[in-house]
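Notes for the one structure printed next.
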2 protein chains.
Amino acid sequence: MERRRRVPNPLALAVLAWLLWEPMHPYELGRRLKQTGKDRHIRYTRSSLYMVIEQLARAGFVTAQETVRDSARPERTVYAITEAGRHEVHDWLRSLLAQPREEYPHFAVALSLLSLLPPDEAVEVLRRRSAALAGRIEETRTTVDEARADGVAWIFLVEEQYSLALLEAERRFVIELIESLKQPDYAKSWQETMGGRT
Amino acid sequence: MERRRRVPNPLALAVLAWLLWEPMHPYELGRRLKQTGKDRHIRYTRSSLYMVIEQLARAGFVTAQETVRDSARPERTVYAITEAGRHEVHDWLRSLLAQPREEYPHFAVALSLLSLLPPDEAVEVLRRRSAALAGRIEETRTTVDEARADGVAWIFLVEEQYSLALLEAERRFVIELIESLKQPDYAKSWQETMGGRT
DNA sequence: ACTCCTTTAGTCAGCACTGACTATCCAGGA
DNA sequence: TCCTGGATAGTCAGTGCTGACTAAAGGAGT
């Protein structure tokens, strides 16, 4: 049904989207990703950027346009999106939006092993998480507010709003979980089953 | 602060946790991961399992105990956790629980490019997502209910409860987003800014 | 004129990960 | 007795990704 992407790295999607706008050289692409803060939702390093662009070129989604050597500096190759690339952006975007992909958050793995920790230790670390989450929520909220104050339209902040929603849901979950762990029956049953371990 | 893990793959944590219980050979580990359904929150394939165990051995977190050739069958190497491995499980688990790690959900990337799609198309694909999310929520809920009915304690279902919380939060977000996209002013401003594209 | 730091720009070796493949045993049907 | 399919168990080539490195230019301070 969903055929594999030739270049599955999400960074590739961002690159293609920028090239939709105008041809650019890799470094410029990286700069824009950073400047617009879109790199917060993508695993981005300069080396993977170059790798991904190479893969996109191999797949025929972009083509090297010209190699400029503008007054010294290492030569920079300008890339342009192709027709196939345009199609790929739209198709990929639609499919990403329509179908929830299996995600593997680190926290879920940790939760599945929560029973290894003594109840009071579990409560302690989860309290720290809750505080950290509060910090992130605060942070995200202020970046959104500042952008809005600068006149940025809501549609360009929708991904921040999304992570905000997730962070808040997680925080509620953690707080509830802490309460459950504090119940004396949990401590008792943990003693009984895990009492003699390591 | 947080030093890099020698074997950062979360699958390694699950492996170590099972070996905490008793020594095992790789295939057995895989079987248990599948049987207990813990593989739903970890990217698991048999080949990566073998790779990860090799890495764990190199890092000194597990040791090959014996190579059994139990009446034919390819020989199976039984691995046991070491003292360093025990320490690693606890340390890693605590840090995963206490500090929210930067996650990069695919959906966030897609959302950051939502403005590329015409409003009605965006609404259409998001409706499909919402339906798919409802399906997943239903699914997760029934697996939890069935497990509870089988007498599984809540602490062993906490990770399912977590993904449930996230799925529900995402669903609420998507429904709200659809409403925003349906506002006529959005369609109008989209026309103005993106009218003449591709 | 010299040194030092930052920015710009890109490369690369080494390891991690995955899909595809190999090979054996056993149960059951024809 | 032979054949087939599924379960068991593991290997490997090819590609992807990351951290660490290179290198030149520009500017600031002395």
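Values below: every heavy atom of this structure, side chains too, minus hydrogens, waters and symmetry copies. Remember, predicted model here, so these are calculated numbers, not experimental data. Order of the sequence lines sets the chain letters (A, B, ...), proteins ahead of strands, with each chain counted from 1.
A close approach under 4.0 Å does occur between a side-chain nitrogen or oxygen of Asn9(A) and OP1 or OP2 of dC17(D).
The side chain of Ser47(A) lies closest to dG19(D), out of dG19(D), dG10(D), dT11(D). Nearest nucleotide to the side chain of Pro26(A), out of dC17(D), dG10(C), dT8(D): dG10(C). Distance from the side chain of Ser48(B) is smallest to dT18(C) among dT18(C), dG16(D), dA9(C). Comparing dG10(C), dG10(D), dA16(C) by their nearest atom to the side chain of His25(A) picks out dG10(C). For Arg58(A), the listed nucleotide lying nearest its side chain is dG16(D); candidates were dC17(C), dA16(C), dG16(D).
When rounded to the nearest whole Å, the span between CG of Leu49(B) and P of dT11(D) equals 12 Å. The nearest whole Å value for the distance from the CE atom in Met51(A) to the P atom in dT18(D) is 10 Å. Rounded to whole Å, the distance from CG on Leu56(B) to P on dC15(C) is 16 Å. For the pair Arg32(B) CZ and dT8(D) C1', the interatomic distance rounds to 16 Å; values are reported in whole Å. Distance Arg31(A) CZ to dT7(C) P: 12 Å, rounded to the nearest Å. Taking atom CZ of residue Arg46(A) and atom P of nucleotide dA23(D), one finds them 15 Å apart after rounding to whole Å. When the C1' atom of dA9(D) is taken as reference, atom CD1 of Ile53(B) falls 12 Å away, rounded to whole Å. In this structure, Tyr27(B) places its OH atom 14 Å from P of dG6(D), rounding to the nearest Å.
Across all strands, Arg43(A) comes closer than 4.0 Å only to sugar-phosphate atoms, never to a base (heavy-atom distances).
Judged by the 6.0 Å distance and 45° axis criteria, Arg129(B) is positioned over the aromatic ring of Phe107(B).
Mapping Gln55(A) and Tyr50(B) onto DNA chain D via the closest heavy atom, the residue that lands nearer the 5' end is Tyr50(B).
Contact detail for Trp18(B) and Met24(B): the closest heavy-atom pair is O-CE, 3.5 Å.
Rounding to the nearest 0.5 Å gives a distance of 9.5 Å between CD1 of Ile42(A) and CD of Glu159(A).
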Residue pair Ser130(A), Arg171(A): steps toward the side chain to side chain donor-acceptor pair (under 3.5 Å) verdict
CA-CA 6 Å; Ser130(A) 167; Arg171(A) 178 125 200 272; 3.2 Å; yes
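Leu93(B) places none of its side-chain heavy atoms less than 4.5 Å from the side chain of Val125(A).
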